[in-house]
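Worksheet: the structure to be examined is printed underneath.
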Amino acid sequence: MTSNSTASIQHEIYQVVALIPRGKVATYGQIAALAGFPRHARLVGYALNRQLAPDSELPWHRVINAQGRLSLHKLDMNAENLQRFKLEQEGIQFVNDRIDLKQYRWQP
DNA sequence: TTAGTGACGTCCC
DNA sequence: AGGGACGCCACTA
């Protein structure tokens, strides 16, 4: 690992993401704040990138950006298609490639 | 060490 | 509405 502090941060991020219920979504910034690291939205992306595996227990697909859009295409367009598929399977509706956060945002 | 980068967010126009 | 300019901060070369 590059540093043990980031390892613990990642651990906190995973714990929060694991709490997102089926059929709901959260933003990167929301996850960072809930994990106790405000303004670290980008770190959430880095952390999830390491968990990007088909057999991952983590509901990484329920994390989207503050615009209600998917951001994964910059890295892996194929993975983004999977993310959208998983979300739609949970009953989340896309309107013009966008999710209505007022309706679907997770509120702990 | 420094500079560039990025699964982001907010502000401004 | 939607796009651009910054701000942010860990990571990488």
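Computed over heavy atoms, backbone and side chain alike; hydrogens, waters and symmetry mates excluded. Chain identifiers are assigned alphabetically (A, B, ...) following the order of the sequence lines, protein sequences preceding nucleic acid strands; residue numbering begins at 1 within each chain.
For A:Q10, taking side-chain heavy atoms from C-beta onward, the closest of the listed nucleotides B:dG9, C:dC11, B:dA7 is C:dC11.
Between A:R39 atom CZ and C:dC6 atom C1' the separation is 15 Å, expressed in whole Å. Atom CG in A:N96 sits roughly 17 Å away from atom C1' in C:dG3 (whole-Å rounding). The distance between atom OH of A:Y46 and atom P of B:dC8, rounded to the nearest whole Å, is 9 Å. Whole-Å rounding puts the A:D100 CG to C:dA1 P distance at 12 Å. Protein atom CZ of A:R42 is 8 Å distant from nucleotide atom P of B:dA7, rounded to whole Å. To the nearest angstrom, P of B:dA7 lies 20 Å from CZ of A:R84. Between the CZ atom of A:R50 and the C1' atom of B:dA7 there is a distance of 13 Å, given to the nearest Å. Between the P atom of B:dG6 and the NE2 atom of A:H73 lies a distance of 12 Å, rounded to the nearest Å.
Note on A:N65: only backbone sugar-phosphate atoms sit closer than 4.0 angstrom, heavy atoms only; bases stay farther off. No engagement by A:E80 is indicated, since no non-hydrogen atom pair under 4.0 Å with the nucleic acid exists. Residue-level contact check: A:R69 touches neither bases nor backbone, having no heavy atom under 4.0 Å from any strand. Residue A:L43 is in sugar-phosphate contact alone, with no base atom involved, counting any heavy-atom pair closer than 4.0 Å across all strands shown.
Side-chain atoms of A:Y46 do not come within 3.5 Å of backbone N or O of A:Q10 as any donor-acceptor pair. A donor-acceptor pair under 3.5 Å links the side-chain atoms of A:Q30 to the main chain of A:W106, judged by distance alone. Between the side chain of A:E57 and the backbone N or O of A:A18 there is no donor-acceptor pair closer than 3.5 Å. In this structure a side-chain-to-backbone donor-acceptor pair under 3.5 Å is missing from A:H11 to A:I9.
When each of A:L72, A:I92, A:D97 is paired with A:R84, the side chain to side chain contact (heavy atoms under 4.5 Å, CB included) condition holds for A:D97 and for no other.
Residue A:K74 places at least one side-chain N or O under 4.0 Å from the OP1 or OP2 atom of B:dC8. Remark: A:H40 is in phosphate contact with C:dA10, judged by side-chain N or O atoms under 4.0 Å from OP1 or OP2. Note on A:R62: every side-chain N or O is 4.0 Å or more away from OP1 and OP2 of B:dA7.
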